[in-house]
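First the structure, in the form of structure tokens, and then the observations on it.
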There are 2 protein chains.
Amino acid sequence: MKRLYLSDTVAGEIGSYIAERKLSAGDRLPSVSTWMARLQVGRSTLREGLKRLEAEGVIEVINGKGIFVSDQQTFRLFSRLHVTDARRHLLEMLDVRLVLEEKAVVLATQHASEAQFADMAQHLEDYRAAREADDFLRVHEADSAFHLAIYQASHNEVLVALIRSIHSELYVSWQTPQDRNEVFDASFPHHVTLLEAMRRRDIEAASSAFHALMAATRHTVEMM
Amino acid sequence: MKRLYLSDTVAGEIGSYIAERKLSAGDRLPSVSTWMARLQVGRSTLREGLKRLEAEGVIEVINGKGIFVSDQQTFRLFSRLHVTDARRHLLEMLDVRLVLEEKAVVLATQHASEAQFADMAQHLEDYRAAREADDFLRVHEADSAFHLAIYQASHNEVLVALIRSIHSELYVSWQTPQDRNEVFDASFPHHVTLLEAMRRRDIEAASSAFHALMAATRHTVEMM
DNA sequence: CATCTCCGACCTGTCTGATAGCTACATTTA
DNA sequence: TAAATGTAGCTATCAGACAGGTCGGAGATG
């Protein structure tokens, strides 16, 4: 049933090229004319393939410079989701985040290395320092980094890929300018408790600390 | 910093056209030459814009027919995930699926309407009939439809959007041609038990039935 | 010698005209 | 009536051309 277009084949071909050579962010790919000769296709066909890879976030084509491997793909998960009730939407997102991150917490408690725990501790320290300096941007960055570190420590690549993809859409929305202090002050102690529990490899305690953290977050959303 | 290319403007323009007129799946868009005249751009530029929208899953361009609004966006979550160990990858996917779908099961048990339960029952009946006819394609379709129905009955739009987006990548992979019978035969009874428990609004029973189902699936993967 | 300017090689962005192939539908034909 | 054919409209692809961005080196300038 699936129609096969040359331009899609081109996209696959170039994607394979990247995968096979294990190229990473910033690496440069052969030029358009090189690919035209190599794949024996016309210019427009090739560019359509490139455009598709670009839309998928695999590559970046820069005028005058060349074709480069992109650092990460960004998707638009909710771009076509018609959100009528913002508060309800936030609560639904929290539900999804809850189950994904709880899994990450459990896996991280089991599998995280000491270096990864140290990494998390550093993010928490940044968190505290930024809060003290009333630098909310950095507070949020540190908070994000802490949670991302948990996902990474889960050693589940699918989970990491998934959360990286939807992170911006899943986490950003509740950054209301109002009452930031409350949100952060309420959740910070739970962060500390969570990290300590994970470090002790105490799944029960880690899980319950995480639930307490999410309960606090949910509470602030429900108050909105 | 963000460079503005005409082809991206085109994509935005056509996207707006769809949003403004609230077009939905299957609706037909003006032809390429119409757009060329309307936006005053060349054909290749326009087609690059279309290719981007196509990659984002917004539209579908079919040779000889025209340009149509697509029913769902599909993004490629694992396109850049270098999978070295297929078996481990499958197990990781199962972990992610487990937590997402368990949440869906619980929510569906609480919130599903009778019509939605009837829908699930119909899919199960299709499942059984297809299995009897040894029509594995339809077996898989019915199975997919059953699980998707659970997500939809959860009434959590974020969950639905998420699972719709990654469904093809999260579920397709273990369709190994070999031993299909075993997989399906082992899991079918659990499907029935699961539906009955949800229908009774018995969260405990539904949850444990779902776990049994996933345990069976995990078992077959681990045997691979 | 150090610095600046300019030019040319190489790259991508866009346009245009032409051709082939696909699809749906009306028309003709057996 | 049903199959074959013609046709209009559409997308897929190609080839060539030109404009504009980027970068580094040759040469001018001090």
**OP:** Answer yes or no: does a side-chain N or O of B:Lys65 lie under 4.0 Å from OP1 or OP2 of C:dA24?
**Re:** yes
Subject >> B:Glu60 CD - D:dA12 P separation (whole Å) >> reply: 11 Å
**OP:** For A:Gly42, report the nucleic acid contact type (base, sugar-phosphate, nothing); a contact means any heavy atom under 4.0 Å.
**Re:** sugar-phosphate
Original post:
Nearest-Å distance, OH (A:Tyr5) to C1' (D:dC10)?
Top reply: 11 Å
Subject >> Atom-to-atom span, CD1 of A:Ile67 to P of D:dT22 - whole angstrom >> reply: 16 Å
Original post:
Rounded to whole angstrom units, what separation is found between the CD1 atom of B:Ile14 and the C1' atom of D:dT11?
Top reply: 14 Å
Original post:
Does B:Arg199 pair with B:Glu114 as a salt bridge, N-O distance under 4.0 Å?
Top reply: yes
Original post:
Nearest-Å distance, CH2 (A:Trp35) to P (D:dT13)?
Top reply: 17 Å
Subject >> Aromatic ring proximity, centroids under 6.0 angstrom, A:His191 and A:His147 >> reply: yes
Original post:
Are the side chain of A:His155 and the backbone N or O of A:Ala153 linked by a donor-acceptor pair below 3.5 Å?
Top reply: yes
Original post:
C:dC15 phosphate, OP1 or OP2: any side-chain N/O from B:Thr45 under 4.0 angstrom?
Top reply: yes
Original post:
Can B:Arg52 and A:Glu54 be counted as an ion pair, charged N to O under 4.0 angstrom?
Top reply: no
**OP:** Would you tell me if any nitrogen or oxygen in the side chain of A:Arg43 comes within less than 4.0 Å of OP1 or OP2 on D:dG16?
**Re:** no
**OP:** Choose from D:dC14, C:dA24, C:dT14 the nucleotide whose nearest atom is closest to any side-chain atom of A:Leu6.
**Re:** D:dC14
Original post:
So which one's nearest nucleotide on DNA chain D is more toward 5', B:Thr34 or A:Glu48?
Top reply: B:Thr34
Original post:
Could you state the NZ-P distance from A:Lys51 to C:dG13, rounded to the nearest angstrom?
Top reply: 7 Å
**OP:** Find the distance A:Ile62:CD1 to C:dG13:C1' and express it as a whole number of Å.
**Re:** 14 Å
Subject >> Separation of atom CG in B:Leu50 from atom P in C:dT14, rounded to whole Å >> reply: 14 Å
**OP:** Look at the side chain of B:Asn63 and decide which nucleotide, out of D:dG20, C:dT14, C:dG21, has an atom nearest to it.
**Re:** C:dG21
Original post:
Does a nitrogen or oxygen in the side chain of A:Ser7 sit under 4.0 Å from OP1 or OP2 of D:dT13?
Top reply: yes
Original post:
Considering only side-chain heavy atoms of B:Arg28, which listed nucleotide, C:dT14, D:dG21, D:dC10, is closest?
Top reply: D:dC10
**OP:** Measure centre to centre between the rings of B:Phe188 and B:Tyr127, then say whether the value is under 6.0 Å.
**Re:** yes
Subject >> Nearest-nucleotide pick for B:Ser31, side chain only, options being D:dT11, D:dC14, C:dT12 >> reply: D:dT11
**OP:** Take B:Leu29 and A:Val41, find for each the nucleotide of DNA chain D with the closest heavy atom, and name the residue whose nucleotide sits nearer the 5' end.
**Re:** B:Leu29
